[in-house]
Amino acid sequence: MDQTAFFFEILFPALMQGLIVTLQLIACSAPFGLALGVAIAVGRQYGHPVISWLCKTYVFFIKGTPLLLLLFILYFGLPSIGITFTAFVASVLGFILCNSAYNAEYIRGGLISIKEGQMVAAQALGMTRWQAIRSVVLPQALRRAIPGLSNEFIYLIKYSSLAYMLTVIELAGAGKQVATKYFLYTESFAAVAVVYLVLVSITTVAVNILEKRVVVPGTVRANPSAQL
Amino acid sequence: MNDNDIVLRVEDIHKSFGGTEVLRGVSFDVHCGETKVFIGPSGTGKSTLLRCINQLTPPDRGQVWLDGEEVTNSGARINYFRQKIGMVFQNFFLFDHLTALKNVELALLKVKGMGKAEAHEKALTELRQVGLEEWADHYPAELSGGQAQRVSIARALAMDPDVILFDEPTSALDPELTREVLEVMKKLARNGMTMLVVTHEMGFACSVANEVLFMENGVVAEQGSPDLLLHDPQFTRMKDFIGRIDSRMDD
Amino acid sequence: MDVLPILIDWLPYLLSGVSSTLGLVFAALGLGVLLGLPMALGQVYGARPIRWAVGIYVWFFRGLPILILLFLFWFGIFPAIGLGHLSAFVVGAVVLGLRGAAYQSQIFRGAIQSVSEGQMIAARSLGMSRFTAIRSVILPQAVRIALPGWSNEYPNILTDSAVCYAIGVVELLTITARIVTQTHITIPIYLAAAGIFIVLNYGGLKLLHRLEAKIEIPGFGSGAM
């Protein structure tokens, strides 16, 4: 079979199928990863000491463990205590857990950076503590966390490939299947790599535009390299 | 003075940045043991002139000669000339990761290829010269501005230069600290060091300078002994300038 | 079935994965410095083609999932260039290292660029060549500035090293999976492995922070970046 036919009739369609699954994985994980991240960060920073400790421990364990091991626990481990997920669901759960722990760190950094006066001013207007957090502190903190959150989103795109290790045939899996079937490893994985590079590069440009859009005039952009 | 003891000869230096001509033909000779002070409004190219002399900023036109050898267009030999032309900066530029002593030692080891023991002795001697022997093991962040500037003078002195360029050495310092740095510089001048000093310190200029060069718009507008420029009615521009500074201070 | 005795029986085997995992991590960190530092210098001081080449390298290795890089090199590139005989461990270490270099080069680059311009000017004014100035003045400062950021690469590489499981490197996760297959005990084994990773992760970070404190210089260091 000639190269052109291989690329256009076999590899390309397979990768596009895989890409759709990859996008589904990301779409199902990212919103919950963000929401859970906010919850963890707020709980850690403003919650009851017990809740704060739980949130801290959660981040500690998730960040300390390889994502792949986490995925194994969810998919191969939990059935032993009667909890069974499909590979897709287990992957999404793993991504949410991982993504939320890293997001929480950036959001907490944002929360810490908001000056005490903001909270005092909100409460002076008669807001409760939680109202003040929700409508005054958090919107500012999230803006400051955006560079970090964008980074984590890009990591999510890349690490979604680990779903293949749970047999989800996403982009990496689709490439692997074609490579193994036709013994065209370099070509297949190079094509997969191109798709990822395009995906990551487009996202990078998009989040840069987003970052510029949401900047409040007169505020300084948080330094993305200042990891917490 | 005769032409035989000319250490440094600067000829027709021109320099532009973008479209702006900062230096428009500056020439002078520096005799051995002489202190020349450059005065003038900011932006008239005094600091650029000093940097043109040791080629940190290569001039567009003109030549610099040190002891009869051309410094301009000297290629890789510039590193040799720079050993003989010391420089002291407004913001000290001490090496932040090294103690005072190591700041003085570094170029002795790396440029002069001196042995460790010898470099150590030499560095201590120079620190003693500027009164900072006891601060040898302190890092730049632990020194006052005045001390830091004295270390940077010791660093320049250690290379046994033929001439030292001082680029507004006290502009970043409080009056109190300014005095301790000027004291060190006066001592150097008395001991016969050849010095070119860009400064706004008129007191220093009057008491130490053999010659004052008043620069304006990229050229030397007036030139002579401090006494001459301040008191001879023939010279007016530097007096005007000083008057402007004084009246601004009075406001 | 009582799990604990079985777990204890298998613990030595599980721990044997630690050396392999740490081997991957240290090889990757070492390669990362070895390549990353010159790359950073090239990107800051190099001619335009060098800056371009480094930029493309960084874009490539940072844009791809570690799994794809491992597959690409293990199944594709290395066999294609006659390096098919390399063991999975070597390939894993090299790929982690090549990728680490891309990330670390950017940490070093940031650090080099954050050394103030006056340091170079002062060094040159004393007659140092550009090379000597970079080596004796800029780099010693840049390395100190970079160290906190560089330390943070350690946990990243450690957790990524587990992905080498996918190409059959016998490291901690692979051994964990083997024990699970043998014993049919899942969660306790996984949690034991997770515990080991966590100890390696935070223990290693603690050691690195101690190293940072050791070479700290007044007015310099962790606060700088």
Side-chain angles (χ1 to χ4, degrees), chain B residues 47 50-51 53-58 71 75-100 102-113 137-143 148 151-152 155-161 164-167 172, chain C residues 33 37 40-41 44-47 107-151 208-209 211-225:
Chain B
S47 294
L50 290 194
R51 290 188 181 205
I53 290 173
N54 67 357
Q55 305 288 297
L56 285 176
T57 302
V71 176
R77 232 171 102 74
I78 188 59
N79 291 330
Y80 162 78
F81 288 117
R82 282 180 184 153
Q83 296 174 47
K84 310 200 136 237
I85 307 173
M87 190 160 192
V88 172
F89 303 91
Q90 181 179 350
N91 295 311
F92 334 135
F93 293 162
L94 286 185
F95 302 134
D96 294 322
H97 64 305
L98 300 176
T99 60
K102 302 262 182 213
N103 258 279
V104 183
E105 268 182 20
L106 186 69
L108 295 175
L109 297 167
K110 302 286 172 184
V111 180
K112 290 217 155 177
D137 293 328
H138 286 75
Y139 285 94
E142 301 170 318
L143 302 175
V151 172
S152 97
R155 179 173 71 178
L157 278 175
M159 302 302 282
D160 293 325
I164 302 185
L165 316 174
F166 291 84
D167 185 5
Chain C
V33 174
L37 204 51
L41 288 170
V44 178
Y45 298 109
I107 294 169
F108 293 128
R109 182 179 74 140
I112 291 169
Q113 284 171 333
S114 73
V115 175
S116 74
E117 205 189 356
Q119 299 290 310
M120 177 62 104
I121 294 174
R124 296 307 304 273
S125 82
L126 288 165
M128 288 187 208
S129 66
R130 201 172 156 79
F131 178 79
T132 308
I134 290 172
R135 202 192 53 188
S136 306
V137 175
I138 307 295
L139 272 186
Q141 299 188 40
V143 165
R144 283 194 174 80
I145 295 168
L147 199 55
W150 185 81
S151 300
L208 285 168
H209 290 322
L211 176 71
E212 281 167 32
K214 206 161 220 175
I215 66 164
E216 198 179 297
I217 282 177
F220 214 98
S222 38
M225 207 172 146

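Residue numbers start from 1 in every chain, and the chains themselves are labelled A, B, ... in the order their sequence lines are given, proteins ahead of strands.
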Between C/Q119 and B/L94 (side chain of the first, backbone of the second, donor and acceptor by atom type, cut-off under 3.5 Å), is there such a pair? yes
Mind checking the NE2-OG spacing from B/H97 to C/S136? Nearest 0.5 Å is all I need. 7.5 Å
If you tally heavy-atom pairs under 4.5 Å against chain C, which of B/K110, B/H138, B/M87 wins? B/K110
Could you tell me which portion of C/T132 (side chain, backbone, both or neither) has an atom closer than 4.5 angstrom to a non-hydrogen atom of chain B? side chain
Heavy-atom check, side chain of C/S125 versus side chain of B/F93, under 4.5 Å: no
Considering non-hydrogen atoms only, spot the tightest contact between B/M159 and C/L126 and give its length. CE-O, 3.4 Å
B/I85 portion near chain C, given a 4.5 angstrom heavy-atom threshold: backbone
Note: B/D96 and C/Q141 closest approach over all heavy atoms is N-NE2, 3.8 Å
Which bit of B/N91 comes within less than 4.5 Å of chain C, counting heavy atoms only: side chain, backbone, both or neither? neither
Closest non-hydrogen atom pair, C/A122 against B/F95: CB-CE2, 4.0 Å
Counting only non-hydrogen atoms closer than 4.5 Å, does B/L109 touch chain C with its backbone (N, CA, C, O), its side chain (CB onward), both, or neither? neither
According to side chain to side chain contact (heavy atoms under 4.5 Å, CB included), who are the partners of B/K102, at least two apart in sequence or on a separate chain? B/L98, B/T99, B/E105
Checking B/R51 against chain C: side chain, backbone, both or neither under 4.5 Å from a heavy atom? side chain
Please classify the contact of B/E142 with chain C as side chain, backbone, both or neither, using a heavy-atom distance under 4.5 Å. side chain
Heavy-atom closest pair, residues C/G127 and B/N79: O-CB, 3.2 Å
